[in-house]
2 protein chains.
Amino acid sequence: MTVTLADVAARARVSPATVSRVLNGNYPVAASTRERVLRAVDELDYVLNGPASALAAATSDLVGVLVNDIADPFFGIMASAAQSAIGESATGRGGGEKLAVVCNTGGSPERELTYLTLLQRQRAAAVILMGGALEDPEHLAATAGKLTKLSEAGTRVVLCGRPPVPGDASAAALVFDNRSGARQLTEHLLGLGHRRIGYVAGPTDRTTTRHRLEGHREALAAAGVAEGPTVHGPYDRSSGHEATAELLARDPHLTAVVAANDTVALGVCAALRERGLSVPGDVSVAGFDDLPFSTDAVPSLTTVRLPLHEAGVRAGRLAMSTTEPPADGVETVPGELVVRGSTAAPRG
Amino acid sequence: MTVTLADVAARARVSPATVSRVLNGNYPVAASTRERVLRAVDELDYVLNGPASALAAATSDLVGVLVNDIADPFFGIMASAAQSAIGESATGRGGGEKLAVVCNTGGSPERELTYLTLLQRQRAAAVILMGGALEDPEHLAATAGKLTKLSEAGTRVVLCGRPPVPGDASAAALVFDNRSGARQLTEHLLGLGHRRIGYVAGPTDRTTTRHRLEGHREALAAAGVAEGPTVHGPYDRSSGHEATAELLARDPHLTAVVAANDTVALGVCAALRERGLSVPGDVSVAGFDDLPFSTDAVPSLTTVRLPLHEAGVRAGRLAMSTTEPPADGVETVPGELVVRGSTAAPRG
DNA sequence: CCCTCGATAGAAAGCGCTTTCTTTCCTGAG
DNA sequence: CTCAGGAAAGAAAGCGCTTTCTATCGAGGG
């Protein structure tokens, strides 16, 4: 029924071993033989049996990219970049083609663990975890354990946008400087003269949420300004939309709102507009990430640009590099304040 | 080093066969034995070797979801929906956990084929192709061939948002009614009184692009209105941005622009605004897809809503169903015109 | 009280590939 | 002309699991 290595070998009149060697290109094979084999492969339309090959070689060409929300361009951009970086590095064995696949955890710790196990099952060549982690000790420990197991089994582990695992130096980590970015953003608002600033934070117990919030508070504290109302919610537009009502209820005199990210900021703008408040005339709004649509928003969004594409590429490269992770392997990716039309000095 | 089935068997004092049966749950095993085995699995922290299992069983628990652009929420939403539908259907063997992974083709036919081969290698349980296809005969044939091979090898094939393969009835297909949606949209514009309508189309030689364009032309023809300028480009904001200049150069008196999708429409709006033209005061703009951000755009976007989430879920279910595809297996997903603020009657 | 049948568990044969260990064959040095 | 040495190809032993085919053990029925 299906064509196997042996069939190809028979047709090319060589041994299965030779065919394998031609396909993997890691052993000298005479040019004439190679050509004969390749022709047979072509004629029979042979496709390597991945599982068999992975079993025998004790490693597969699968690379898993775990993201919190695949529908969010924040992850889409990074994943896409990582995927192309991985695809390009055709260095490995078996023609080097790695199959980079992205897995959507939906932010659920259970699914994250499930995917990690599944990837472990497949003997994945590498795993990239993208996005903030849940700060629950129990889950943190479970994840750390899994990651250690994976490293031990030879799977490369890369963290992108989440802090390194304390006990484990085997994973390379790429962290965004959320704290400093958030601080700059709030400093910008303070510099404009804002003193009543609301904050729409991301989901509770997430590293990203906490770091951004801490940066915001640092700036406030440094300026001796009291913290305004804060509301938590998911990273989507409706979260920003709903939070705005709450924020305004808690302090009707807010002059600025900082959002967890650009998507949320858009929801905030919409809610403000619905209440007849103009941005930035009545209330200034700022986001985070600088997603592509932020430029086109009306008004265009003041935000902190994160080099998502570069970070993705970097993560992909780290996942591919066979070398050990750089000493202690934590690399910080800076954010850059981008001032646009959605922030201005408060009225009066 | 790594724990194998045999180790578990030894510890539970049963044969490897029994352990396998407990794990797969498809054969009667006495409760006491089962418990003993499960305990051993737990104590040894055993993880099934996927490749070995796939090799022996001649099938894996991998489901591939191919998308044209993972950074585009259009695909993100569908992929996310499909993935959860697949995750929920824990019906299969081996605990039923399927590993749904998304592969980013970037719209490149070569990468599409590469991923298909890679998935074929892995003996994927199912493959879902999302998004329009390239209309190149050669590539079409190559893809069709691959898909046939996959079906023959027992891989379920589902097409979502792309027309069924002519010769092959083994694949289930879900198609969006792009033509009719586009027709309604243009009819809406015509109804408002527009007669000079520009069109920013998607990439050439893509089914989605062609169908939407055809719907647009049908409406125009039915109303006896001459076709306005048309520009092709990718499905991103800059495409809309750049195309607008071209459109306006070809007809400075345009009163409306229809964009390939919402993202492109946003770029069009931005470009118009930069030239001092108001939307919809001077020029009406319409999009397609109704992505989440379209409601919040300023002005909010008139568009054609596609039930992306539902379609994704449907595709996921089809991929999981072990039953043969429904007779002829083509299911049409309708689009719904959503009129919002970006379209209005042309000026005087 | 023997035998048959149903319910469990074990034995063992692969699944298709990689890779070590050999063998073969040819080239060039002595 | 012989022999060492190296390049290229083959033989064969698994990799870890699934799954037929058997074997075993009780429990009823005759």
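Note that the structure is a prediction, hence the values are computed from the model and not measured.
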Validation row: B/S321, B/R156 side chains within 4.5 angstrom (heavy atoms):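 Sidechains of B/R156 and B/S321: in contact.
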
If you check the [X] side chain, which of [options] turns out closest?
{"X": "A/A52", "options": "C/dG16, C/dA9, D/dG16", "answer": "C/dG16"}
{"X": "B/A57", "options": "D/dT18, C/dG16, D/dG16", "answer": "D/dT18"}
{"X": "A/A30", "options": "D/dC17, D/dG14, D/dA8", "answer": "D/dA8"}
{"X": "B/R21", "options": "D/dG14, D/dT18, C/dA11", "answer": "C/dA11"}

Side-chain N or O of [X] less than 4.0 angstrom from OP1 or OP2 on [N]?
{"X": "B/T33", "N": "C/dA9", "answer": "yes"}
{"X": "A/S20", "N": "C/dT18", "answer": "yes"}
{"X": "B/N24", "N": "D/dT18", "answer": "yes"}
{"X": "A/S15", "N": "D/dA9", "answer": "no"}
{"X": "B/T18", "N": "C/dA9", "answer": "no"}

Touch class at under 4.0 angstrom, heavy-atom based, for A/A17 against every strand present: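 Base contact - A/A17 has a heavy atom under 4.0 Å of at least one base atom.
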
Touch class at under 4.0 angstrom, heavy-atom based, for A/V19 against every strand present: nothing

Residue whose closest nucleotide on DNA chain C lies nearer the 5' end, B/V14 versus B/L55: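 The residue whose closest nucleotide sits nearer the 5' end is B/V14.
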
Of B/R13 and A/N49, the one whose closest DNA chain C nucleotide lies more 5': B/R13

side-chain contact (heavy atoms from CB on, under 4.5 Å) between A/C103 and B/L99, worked out: CA-CA 8 Å; A/C103 308; B/L99 212 208; 4.1 Å; yes

Can you find a donor-acceptor pair, distance only, under 3.5 Å between [X] side chain and [N] base?
{"X": "A/Y27", "N": "D/dA9", "value": "yes"}
{"X": "B/R123", "N": "C/dG16", "value": "no"}
{"X": "B/R36", "N": "C/dT8", "value": "no"}

Given atom [atom1] of [X] and atom [atom2] of [N], what is their separation to the nearest angstrom?
{"X": "A/L44", "N": "C/dG16", "atom1": "CG", "atom2": "P", "result": "15 Å"}
{"X": "A/L23", "N": "C/dT19", "atom1": "CG", "atom2": "P", "result": "12 Å"}
{"X": "B/L5", "N": "C/dA12", "atom1": "CG", "atom2": "P", "result": "17 Å"}

Point-to-point distance, once rounded to the nearest 0.5 Å, from NZ of B/K146 to OG1 of B/T114: 9.0 Å

Sole candidate of B/E110, B/R111, B/E112 that passes side-chain hydrogen bond (donor to acceptor under 3.5 Å, both in side chains) when paired with B/S108: B/E110

Pair B/S151-B/T148, side-chain hydrogen bond (donor to acceptor under 3.5 Å, both in side chains): steps then yes or no: CA-CA 5 Å; B/S151 311; B/T148 306; 5.9 Å; no

